[in-house]
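Here is the structure we will look at.
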Amino acid sequence: MAAYATQTIMKSELVVDVKPTEVSIALLEDSRLVSLQKESRDISYAVGDIYLAKVKKLMPGLNAAFVNVGYEKDAFLHYLDLGSHFSTYSQFIKQLLDDPKSAMPQVSKMKLLPDIDKHGSVTDVLQPGEQLLVQIVKEPISSKGPRLTTELSLTGRYMVLIPFSDKISISQKIKTTEEKLRLRQLIDSIKPKNFGVIIRTSAEGKRVAELNNELKTLVKSWEDTLAKARRSKAPALVFEEESRIVSVLRDVFSPAFENIYVNDEEVMSQIRNYVSLIAPDRSDIVKLYKGDVPIFDHFNITKQIKSSFGKTVSFKSGAYIIIEHTEALHVIDVNSGNRSKATSDQESNALDVNLRAADEIARQLRLRDMGGIIVIDFIDMNSAEHRQKLFEHMREVMATDRARHNILPLSKFGLMQITRQRVRPALDIETEESCPSCYGKGHVQPSLLFTDTLHEKLEYLINTLKAKGFVMYVHPFVDAYLKKGLISPYRRWRMELGRSFKIVPDQSLAYLQYRVIDKDGNEIDLKEEKDMASSSTKNKAKAKTRNPQE
């Protein structure tokens, strides 16, 4: 049996696809997709954002409050999420907001009050209409509003700054006692009074100048947040986490990153500036992608997405897993399928499939960002030694998962249970394609005539709309047909209509589907444009009918 061991160092690359309405961020390890995040460019209520909010309703039965942060559903603030230093926090917020013309209160000059009772009631500390500074800890999911905390924190690359606390905590992943002691003494000597600090793993070995610079940046962000809160009227956003791209980079960046590819110049500058701050000698790894082929197609990400996000996911040797989602949990079933390398020993065969399935499941949890309860039905194994080996292997391959998780050994029914932290909705991408020609009716125009349709659209774009420098994206099969032969249709069209356009393959499109992007990166809606042109022609005809003198 081959030994299963995770690689300690992998070739990591980040690929960022920036579109007008959405940003997609793919993390590749050895060219294999392990993480994908899609974010709307106008996203709000993201984890880490701080709002000036107003208490709307107290719920003593839940020991919580519903708070208005401007979202369609009221946000949820539980008593336990108020934080132990709520008394000090509450006194400070009243000083901050009650008299906006007075001098700005200073956290470092306050006297810290005793902690609130862990078993207290929300009605003892909050009242309807009260204004609070709250931070999003869980984004809106399904029909639920955001979840909040008043234990505010500002996150940097090396540390997390926590106002109204004096405690210094150190990441458990920093193992050496000498380094822990050095960092604790160093931070204690430079941090402001009444500010707590959590020292992150990435601070290990860093010099005092680097840590001091970040600490000053975080304190400045805190002061700017307070100033904005004073000028604002609840509900209002007063502190916004860094752009999602930079936020992801902050958490995953490591010396193993070989390249960061971005297809947008402005976003590339943001990332390069951030990398220059945290690793000045690595800023050259940030590169602008200028190819005509979509960036995800170029790096084989589109194909991996289509093969990884379906209900059934195949992996090596013909085995596969089936992933089902319910409101309360995720269920994963492991199947051996038509194994090409099946051994005569059924027990060894089951172990081999289960170990490979564990690798794929660990990847799928990160890739889809699945959270809550995950139940896995592995292939039954009689050997206690094999069941223990599978449990240990799953813990090993999940060790690189940054989300908090807990794994239980196999039950007597052969089920493994995993709980995984969820702070945003699971990423669910529909991989089945709807027919762009019939929309489910089952009847389409002859596909042989599709090239005539494309030619007509090109003529309309060039002769009617006077468009230049645009790109028409089509399915790769269609692209191959158009460019086949010495005198291909594509070449004839460019000779006839001019060379002011390109036709490029796009793997995300269905077979008889196309889209057109202008030279500024905006999509041209040909149906809408034609409707407008048709309407304009009809109006002119009507006008001439009314006024024959024209």
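- Residues Phe239 and Ser221 come closest through the heavy atom pair CE1-CB, 4.2 Å.
- Between Ser12 atom OG and Asp30 atom CG the span is 7.5 Å, to the nearest 0.5 Å.
- Distance alone, capped at 3.5 Å, places no donor-acceptor pair between the Glu13 side chain and the Leu28 backbone.
- Expressed to the nearest 0.5 Å, how far CD of Gln127 lies from CG of Leu58 amounts to 8.5 Å.
- A donor-acceptor pair under 3.5 Å links the side-chain atoms of Asn273 to the main chain of Ser269, judged by distance alone.
- The shortest side-chain heavy-atom distance between Ile321 and Thr312 does not fall under the 4.5 Å cut-off.
- Note on Glu324 versus Lys311: salt bridge recorded, some NZ/NE/NH1/NH2 to OD/OE distance being below 4.0 Å.
- Look at Arg230 and Glu223 and you find no salt bridge, because none of the NZ, NE, NH1 or NH2 atoms lies under 4.0 Å from a carboxylate O.
- Looking at residues two or more places apart in sequence or on another chain, you find a ring pair (Phe, Tyr, Trp, His ring centres under 6.0 Å) between Tyr89 and Phe86, Phe164.
- Using modelled atom types, one side-chain atom of Asn63 and one backbone atom of Val122 make a donor-acceptor pair closer than 3.5 Å.
- Applying the side chain to side chain donor-acceptor pair (under 3.5 Å) criterion to Gln388, with sequence neighbours excluded, gives Glu392.
- Side-chain contact between Met268 and Val286 is present, with at least one heavy-atom pair separated by less than 4.5 Å.
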- Task: Given side chain to side chain contact (heavy atoms under 4.5 Å, CB included), test Ile295 with Tyr261 step by step and report yes or no.
- Result: CA-CA 9 Å; Ile295 188 169; Tyr261 296 101; 4.2 Å; yes
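- The main-chain N or O of Leu112 is never found under 3.5 Å from a side-chain atom of His85 such that the two would form a donor-acceptor pair.
- We find that Asp401 and Arg366 are not joined by a salt bridge, their nearest charged nitrogen and carboxylate oxygen being 4.0 Å or further apart.
- For the pair His330 and Ile373, the minimum side-chain heavy-atom distance is 4.5 Å or more.
- Between Asn382 and Asp380, the side chains place no donor N or O within less than 3.5 Å of an acceptor N or O (distance only, hydrogens not considered).
- Atom OH of Tyr51 and atom OH of Tyr71 lie 10.5 Å apart (nearest 0.5 Å).
- Note that CG of Asp359 and CE of Met398 are 12.0 Å apart. Values are rounded to the nearest 0.5 Å.
- Counting only heavy atoms from C-beta outward, the side chains of Val397 and Ile361 never approach each other to under 4.5 Å.
- Side-chain contact check for Arg147 versus Ile136: every heavy-atom pair is 4.5 Å or farther apart.
- Of all non-hydrogen atoms in Leu186 and Val208, the two that sit nearest each other are CD2-CG2, 3.7 Å.
- Rounded to the nearest 0.5 angstrom, Leu367 CG and Leu27 CG are separated by 10.0 Å.
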- Given Phe296 and Ser24, is the side chain to side chain contact (heavy atoms under 4.5 Å, CB included) satisfied, shown in steps? CA-CA 9 Å; Phe296 272 17; Ser24 300; 3.7 Å; yes
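- Within 6.0 Å of the NZ atom in Lys180, the count of heavy atoms belonging to other residues, nucleotides or ligands exceeds 12.
- For Lys57 and Asp74, the salt-bridge test fails: no basic side-chain N is under 4.0 Å from an acidic carboxylate O.
- Between Asp224 and Lys220, at least one side-chain N (NZ, or NE/NH1/NH2) sits under 4.0 Å from a carboxylate O, which counts as a salt bridge.
- Using a 4.5 Å heavy-atom threshold, the side chains of Ile332 and Ile322 count as separate.
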- Query: What's the verdict on side chain to side chain contact (heavy atoms under 4.5 Å, CB included) for Met416 and Phe378, showing C-alpha distance, side-chain angles and the deciding distance?
  - Reply: CA-CA 8 Å; Met416 180 178 287; Phe378 284 104; 3.9 Å; yes
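- Between Thr88 and Met110, the shortest heavy-atom contact is O-CE, 3.8 Å.
- Formation of a donor-acceptor pair under 3.5 Å by the Ser165 side chain with backbone atoms of Ile162 is not found in this model.
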- Task: Verify salt bridge (charged side-chain N to carboxylate O under 4.0 Å, His left out) between Arg420 and Asp369, making sure each step is shown before the conclusion.
- Result: CA-CA 9 Å; Arg420 188 174 183 273; Asp369 204 8; 3.1 Å; yes
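- Counting non-hydrogen atoms of neighbouring residues, nucleotides and ligands closer than 6.0 angstrom, the CZ atom of Arg182 exceeds 12 such neighbours.
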- Evaluation steps, salt bridge (charged side-chain N to carboxylate O under 4.0 Å, His left out), between Lys193 and Asp166: CA-CA 7 Å; Lys193 186 182 177 184; Asp166 243 342; over 6 Å; no
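- Arg32 is listed as a side-chain neighbour of Gln304, based on a closest heavy-atom distance under 4.5 Å.
- Taking the side chain as every heavy atom from C-beta outward, Glu151 and Leu82 never approach each other to under 4.5 Å.
- Under a 3.5 Å cut-off, the side chain of Arg387 and the backbone N or O of Met381 do form a donor-acceptor pair.
- Put simply, the side chain of Asn354 gets close to the backbone of Ile379: a donor and an acceptor are under 3.5 Å apart.
- Between Leu52 and Ala229, the shortest heavy-atom distance links the atoms CD2-O, 3.6 Å.
- When all heavy atoms of Ser169 and Lys167 are compared, the closest pair comes out as OG-CE, 3.7 Å.
- Under the 3.5 Å distance criterion, the side-chain polar atoms of Asn194 are matched with a main-chain donor or acceptor of Val107.
- With hydrogens and angles disregarded, no donor-acceptor distance shorter than 3.5 Å links the side chain of Ser87 to the backbone of Asp115.
- To the nearest 0.5 Å, atoms CG (Leu365) and CD (Glu360) are separated by 10.0 Å.
- Remark: side-chain polar atoms of Gln421 are not paired, donor with acceptor, to backbone N or O of His405 under 3.5 angstrom.
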- Residue pair Ile199, Ile168: steps toward the side chain to side chain contact (heavy atoms under 4.5 Å, CB included) verdict: CA-CA 7 Å; Ile199 302 171; Ile168 298 175; 3.9 Å; yes
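- The minimum heavy-atom distance linking Ser102 with Gln95 is given by the pair OG-O, 4.5 Å.
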